[in-house]
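What follows is a set of notes on a single structure, which appears directly below.
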Amino acid sequence: MQKDKIKNLVWFRNDLRTIDNAVLAEATKNGHKLVGVYCFDPRHFEVDKFGFKKTEKFRAKFLIETIHDLKEQLNQLNIDLLVFLDAPEAVIPELGKAHQITDIYLQKEWTQEEVDTENLVKAELEDINWHHIHNQLLFHPEDINFEISKTPQVFTVFRKKLEKYVDIRHEVTTKKQTNDNRIENNTNIPTLSDLGFKDFEQHPHSVFPFKGGETEALNRLNDYFFNTKKLGFYKKTRNGLVGVDYSSKFSPWLANGSISARTIYWNVKQFEKEHFKNQSTYWLIFELIWRDYFKYVSIKHGSQIFKLGGILQKDYEWSTNQTQINNWINGETQSDFVNANMIELKETGWMSNRGRQNVASYFAKELELDWRIGASYFESLLVDYDVHSNYGNWMYVAGVGNDPRDRKFNVQLQAERYDANGKFRSLWLQPSLF
């Protein structure tokens, strides 16, 4: 039996939202029927070359919650989301043939694995119009005032070139489709068990007690900005280690695209208009610019960000001592501050920004271990893993990236400064009650 002729397919990846989703907005413009698809790619749950599962249980659970919410938000727009536990190159060509798809809309990606997967799909499809749309940046590539190939080597130069001279685009809206856009949808969202994990309860000490999805992201934004006005203290508290509100905690939703950087930016501007403007409101935007910076660095340098010498192609002496790596992972190093942070990561899938800088510096500069192993472990565990920020930050700390000073953190001094009363260390180094 001939299935419905749909024409437009939206291939969701790390843009799992309906608000300010340029891909979705573009796909609804021409009035053709459309459907969404999301693939839980089995390769994302396999063990990588360093021995870590690419996606561990924390991000897997967050992703499942996100897809449930995305499906619900799309339902309200009369758009169906087909969900599969299979490789995109197995799923999308079949959908293309079954529904006579003519156009595929997707977020523009440039890192190797994403591009390779796209090419596998393209090899199985003919006569398809591909629409790659930038959907994850604060500053749109068409608006910036320099060539991407000339992206500055130092963040401060990048920031100063953009923040006062390039406007942030406004959010785009997706119009609700008519009822006849609906199709029969018998697909199911996989469970943790389907992905090879046991269900688990959140650790009672977790500072990220939130669920995945656009709804939860917007609730957090409204609470952090407008209900509690904690945004107004962000610069003073952002180096904290204990508690839910020392930082915005937006990064997991930003990482899988449950919320856009532009939505956060324009809400900061609204807050400044309605309440007050200070260093803290600016600093949140400052951090969004950092996020953009690492994305532009990865566009400029391509796969060099995954190589041992980094974008500087530096030739350090790196070790792969398995005992030292395991001690770092398990929180059994000579630094109690490093240990506490690593145990927090292992138990919750989260670590503070301050913690990440210290444990990465200790791994690369103190133990002189191959930084890519640390980056791969972070990729596996972190609920907010983002390929560009993760590898950009690891290169930076390892001395093969964008740090002009090639600094090394003194973890003992850092502990005395940021955990003076030892509260954080005692929280995670006591015998586990969980």
What is the minimum heavy-atom distance between V172 and A25, and which atoms define it? CG2-CB, 4.0 Å
Could you list the residues that satisfy side-chain contact (heavy atoms from CB on, under 4.5 Å) with S206, not counting sequence neighbours? Q202, F208, T348
Side-chain donor-acceptor pair present, E142, H134, cut-off under 3.5 Å: no
Tell me whether K122 at atom NZ has more than 12 heavy atoms from other residues, nucleotides or ligands lying less than 6.0 Å away. yes
Any donor-acceptor pair under 3.5 Å linking the side-chain atoms of D69 with those of T215? yes
Just checking, is any N or O donor in the side chain of Q414 or N410 under 3.5 Å from an acceptor N or O on the other one? no
Pair R238 + E287, salt bridge at N-O below 4.0 Å: yes
In terms of ring plane angle, is the pair F250 and Y224 parallel, tilted or perpendicular, where the classes change at 30° and 60°? perpendicular
Kindly state whether the ring of F139 and the ring of Y165 have centres lying under 6.0 angstrom apart. no
Would you check if there is a donor-acceptor pair between the side chains of T18 and N21 at a distance under 3.5 Å? no
What are the two closest non-hydrogen atoms of S280 and N278, and how far apart are they? N-OD1, 2.9 Å
Just checking, any donor-acceptor pair under 3.5 angstrom between side chains of Y391 and E379? yes
Count the heavy atoms belonging to other residues, nucleotides or ligands that lie under 6.0 Å from CZ of F200, then report whether that count exceeds 12. yes
